[in-house]
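I have placed the structure first, in the form of structure tokens, so that the comments after it can refer back to it.
Excluded from the calculations below are hydrogen atoms, water molecules and symmetry mates; all remaining heavy atoms, backbone and side chain alike, are included. Throughout, a chain's letter reflects where its sequence line sits, starting with A, and its residues are numbered from 1.
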Number of protein chains: 2
Amino acid sequence: MDAKAGARRKNEAGDTPNPEGGERQPTRIQAINREIILDAALEVFAVHGFRGSTVDQIAARADMSKPNLLYYYRRKQDIYRAVLEATLGDWLAPLAAIDPAGDPIEELRRYISLKLAMSAEKPAASRLFANEILAGAPVIGDFLETRLRALVQEKAGVIRRWVGEGRLAPVDPVHLIFTIWAVTQHYADFDVQVKAVLGSQVDAAGFREQTAQAVLSIVLNGIRPRR
Amino acid sequence: MDAKAGARRKNEAGDTPNPEGGERQPTRIQAINREIILDAALEVFAVHGFRGSTVDQIAARADMSKPNLLYYYRRKQDIYRAVLEATLGDWLAPLAAIDPAGDPIEELRRYISLKLAMSAEKPAASRLFANEILAGAPVIGDFLETRLRALVQEKAGVIRRWVGEGRLAPVDPVHLIFTIWAVTQHYADFDVQVKAVLGSQVDAAGFREQTAQAVLSIVLNGIRPRR
DNA sequence: CGATTTCTTGACTATTTGGTCAAAGCAGAG
DNA sequence: CTCTGCTTTGACCAAATAGTCAAGAAATCG
């Protein structure tokens, strides 16, 4: 230990501010910069996935030097985890909001609309997940098998009850949920393809509503009991 | 030009055997190795995308030295393009096979079943596309805007006619196609998530049939005209 | 203000990665 | 067998990339 070593030190554990479960509450600057970083990282990871993205890319997008970025998140992996965690909540919320006491068709209509709106407003979040899943869910695998699984089973129970009461056509509840996920995510993840096929009309006003209308028509009429 | 230069040369253009539009027909060894490489590359690119994959990974998977692999495809990009092109045909075939003269419900049922079967049998191909699209379709962008677009418009016309004849419920044809793509691809691309949520039952015999049944039920009942 | 802590960065390192090359090994036509 | 062209690879290189470090700049607090 030399004289210099003791001169600058008050940060008792680790060098990074609040390094993963840190205690001290973040500075104003920390809060701002962490958010800037997460925003930038989301855009980058969403396009190229974890392995295909570089810290330099994220730093450039965050308009920040690489060492500075690594001051807030020590490793590329830490940024990735942070972005994923920051988005997971949003992801579950709509499904969690399905109300067993509500009207089945109305609840599902609302759910689909909400997911479609999220796909349109936060496509990067959707693509981030898609990349993570495609890569084999190395980071959120646990989450999928525990929290997500539990939530899906719970809501599947609700749907199953609805079916039993004759308020929905007989349908496998889990596959129904998958179908809704698939279709709503498609418009975020495969946006480029949608645009390529449909051309300029995608940017036209009302396209979102038109899409929601079409999807709802297909899915809802399929689960609405016939008379 | 020195003596050595002239000593070894019979391959009049380029160093790589049949380098992209080459003329000479491939050797037996060439045919074998190219296929081995494409198979290996498909698996690797499908998981990590173009940027996230390394030539070394592909070479290892192909059980081949890196220089040897690069003897057959000079650049990483060339391998990628080759894999994509080799898969594009398979991708279009089912949609192209929709028969305007057939029974609407039957044609769409067959189409969905075919796509689901492909998702189960060749998930890597599906994931390769997903990665390419997520990355912004840098390579197949043109293809999407020309061939795919034309095919979709053509088949949309067929569906629109069916709707006009009252043989299908009123539905936006293009969004119907997107919905089918979305759902069928979901089971390939998000396989990890499906497994996480459903657990061991995914591996059980008959799961594929059960899935097909559920999806068909949701989509078909949605487009079948009511009486 | 002065002292202390937080923030920022240029310069640097070790490793990974795409790609090259010369030379050695091999297959097949004659 | 022999000879030619095809195939394979160890060794190598330059660029990219994750991450480090020490020192300077800016806040913050008394």
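- Taking the centre and axis of the six-membered ring of A:F50, the NZ or CZ atom of A:R81 falls outside the cone set by 45° and 6.0 Å.
- Under 4.0 angstrom from either OP1 or OP2 of D:dT28 there lies at least one side-chain N or O belonging to A:R28.
- Taking OG1 from A:T87 and CZ from A:F45, the interatomic distance works out to 11.0 Å, rounded to the nearest 0.5 Å.
- When distances are taken from the side chain of A:L70 to each of D:dA18, D:dA27, D:dT20, the shortest belongs to D:dT20.
- Dashed line: the shortest gap from a side-chain N or O of B:Y72 to OP1 or OP2 of D:dT8 is under 4.0 Å.
- Of the side-chain N and O atoms in B:Q30, one or more sit less than 4.0 angstrom from OP1 or OP2 of D:dT7.
- Contact check of residues 39-47 of chain B against DNA chain C (heavy atom, cut-off under 4.0 Å) returns no residues at all.
- Rounding to the nearest 0.5 angstrom, the gap separating the OG atom in B:S126 from the CG atom in B:N131 is 10.0 Å.
- Classification of A:E154 and A:R149 as a salt-bridged pair fails, no side-chain N sitting under 4.0 Å from a carboxylate O.
- Separating the CD1 atom of A:I32 from the C1' atom of C:dT6 is a distance of 14 Å, rounded to the nearest angstrom.
- Applying the 6.0 Å contact sphere to CG of B:D63 captures no more than 12 heavy atoms from other residues, nucleotides or ligands.
- Computed from coordinates, the A:I79 CD1 to D:dT17 P distance equals 14 Å when rounded to whole Å.
- Among A:T179, A:I180, A:I218, A:D172, the single residue meeting the side-chain contact (heavy atoms from CB on, under 4.5 Å) criterion with B:I218 is A:T179.
- Rounded to whole angstrom, the span from the OH atom of A:Y80 across to the C1' atom of D:dA18 amounts to 17 Å.
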Criterion salt bridge (Lys or Arg N to Asp or Glu O under 4.0 Å) on A:R127 and A:D189, from CA distance to verdict | CA-CA 5 Å; A:R127 290 185 196 126; A:D189 303 348; 5.1 Å; no
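- Computed from coordinates, the A:Y73 OH to D:dA18 P distance equals 17 Å when rounded to whole Å.
- Among the nucleotides C:dT17, D:dT8, D:dT17, the one closest to any side-chain atom of B:R51 is D:dT17.
- Using a cut-off of 4.0 Å between Lys/Arg side-chain N and Asp/Glu carboxylate O, A:K155 and A:E107 are scored as not salt-bridged.
- Rounded to an integer number of Å, the gap from B:K76 NZ to D:dA15 P is 18 Å.
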Contact letters for nucleotides 9-16 of chain C, in which S counts primed atoms plus P, OP1 and OP2 and B counts the base, heavy atoms under 4.0 Å | BBB-----
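- For B:H48 and C:dT17, the NE2 to P distance is 11 Å, given to the nearest whole Å.
- In this structure a side-chain-to-backbone donor-acceptor pair under 3.5 Å is missing from A:N33 to A:Q30.
- Of the two residues near DNA chain C, B:S53 and A:I29, the one whose nearest nucleotide lies more 5' is A:I29.
- Using a 4.0 Å cut-off, no side-chain N or O of B:N33 falls inside it from OP1 or OP2 of D:dC6.
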